[in-house]
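In what follows, a structure is listed as structure tokens, so that the remarks can point back to it.
What's counted below: heavy atoms across the whole structure, side chains too, no hydrogens, waters or symmetry copies. Bear in mind the structure is a predicted one, so any value in this text is a computation, not a measurement. The chain is numbered in sequence order, starting from 1.
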Amino acid sequence: MPETKSSPHTYTNTSTKVDTLAASVVSSSAPQEIYDVVVVGAGPIGLATAIGLRKRGIENVLVVDKTRAFREVGQGLDLLPNGLQALKHLDPNAYEEVKKIGLGFLNSKQSNDQKTVEPTQEQQPPKTSPQWVYKDLQGQIILSISLSFDDWFKDYGEGRVSISWYNLQTTLRQLLPQDRVKANHRCINVVNEPENGCVRIDCVADIGIEANPYAYWTDGQKHNETQPQNSDIASQ
């Protein structure tokens with residue numbers, strides 16, 4: 001690939017065979033390793049894809065992501081019945097793990113709320129299930145939606161859970177072998193190489209000192225003149 005002076009980066013080439021299932025090879029100074037599938041992006045969708053492939057016998061899978069490291073960032077989200085059913089169909093173990101973390105997230109919040117009650121107060125009746133509540137400008141409730149897993153299961157045949165994005169990613173990531181999910185691999189190019197019977201994916205890894213721990217890439221790094229190190233990823 002063309003040379004560049006854009007900071008201390010490690011370059012990676014990934015290729016996939018056209019006439020067979022995509023296979024990827026990672027190489028630097030070490031012998032090449034061949035993968036059947038390379039998934040670009042280690043978010044919940046990419047990780048779930050890798051888990052589903054392995055569940056169906058395609059175990060030689062690599063997941064790459066541009067993030068410098070997996071950190072506890074991001075917002076919370078709701079997994080509704082369709083999402084949980086899809087995850088259960090993909091891999092029952094992934095479904096159970098995500099469900100357990102999600103229910104723990106909601107129960108933990110309820111426990112913290114209960115700790116604020118003064119111990120001298122009279123025993124209160126059990127609290128109802130937590131709800132999303134919508135009110136008008138006068139403060140009157142116009143819509144309430146239960147957050148209870150059981151309530152949703154009763155109405156839709158599957159529940160719902162709240163979970164932080166990072167916990168969802170971590171739960172799915174831990175269901176894959178550690179060496180099959182690699183951070184600091186940013187995909188920058190995809191090239192069809194019919195003469196080699198593959199499709200090559202070019203990735204770059206940033207090996208510079210990270211000024212902002214929450215940033216993927218810093219524009220200021222492009223002025224650095226450090227010689228990049230080269231490595232290859234290819235899929236056959």
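Ile45 and Leu168 sit in two unconnected hydrophobic clusters of ILVMFWY residues. Membership requires side-chain heavy atoms under 4.5 Å apart, directly or through other members. Both Leu87 and Leu77 are assigned to one and the same hydrophobic cluster, defined by single-linkage of ILVMFWY side chains at heavy-atom distances under 4.5 Å. Residues Ile142 and Trp132 share a single hydrophobic cluster, defined by chaining ILVMFWY side chains whose heavy atoms lie under 4.5 Å apart. Follow the hydrophobic side-chain contacts under 4.5 Å out from Tyr166 and you never reach Val63; the two are in separate clusters.
Among pairs with a residue in residues 74-85, those fulfilling salt bridge (Lys or Arg N to Asp or Glu O under 4.0 Å) read Asp78-Arg160, at least two apart in sequence or across chains. Residue pairs meeting the salt bridge (Lys or Arg N to Asp or Glu O under 4.0 Å) criterion with at least one member in residues 169-180, sequence neighbours excluded, do not occur.
One finds the CZ atom of Arg68 at 13.0 Å from the CG atom of Asp65 (value rounded to the nearest 0.5 Å). Taking CD from Gln85 and CG from Leu79, the interatomic distance works out to 12.0 Å, rounded to the nearest 0.5 Å. Rounding to the nearest 0.5 Å gives a distance of 6.0 Å between CD of Gln169 and CG of Leu47. Taking NZ of Lys135 as the reference point, atom CG of Leu143 lies at 13.0 Å (rounded to 0.5 Å). Within the model, atoms CG of Asn184 and NZ of Lys66 stand 12.0 Å from one another, a figure rounded to the nearest 0.5 Å. Remark: Phe149 CZ to Glu158 CD distance equals 5.0 Å, nearest 0.5 Å.
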Chi angles and distances behind the side chain to side chain contact (heavy atoms under 4.5 Å, CB included) call for Asn82, Tyr156: CA-CA 9 Å; Asn82 283 347; Tyr156 301 103; over 6 Å; no
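Contact check for Tyr95 versus Leu90: no side-chain heavy atoms found under the 4.5 Å cut-off. No side-chain heavy atom of Cys187 sits under 4.5 Å from any side-chain heavy atom of Val64.
Remark: Glu97 pairs with Lys100, Thr171, Leu175 by the side-chain contact (heavy atoms from CB on, under 4.5 Å) rule, at least two apart or across chains.
In terms of modelled atom types and a separation under 3.5 Å, the side chain of Trp152 and the main chain of Ser146 share a donor-acceptor contact. Looking only at distances, no side-chain donor or acceptor of Thr67 sits under 3.5 Å from a matching main-chain atom of Phe70.
Minimum heavy-atom separation, Ala50 to Leu176: CB-CD1, 3.9 Å.
Each of Asn60, Leu53, Thr49 was compared with Val37 under the side-chain contact (heavy atoms from CB on, under 4.5 Å) criterion, and only Leu53 meets it.
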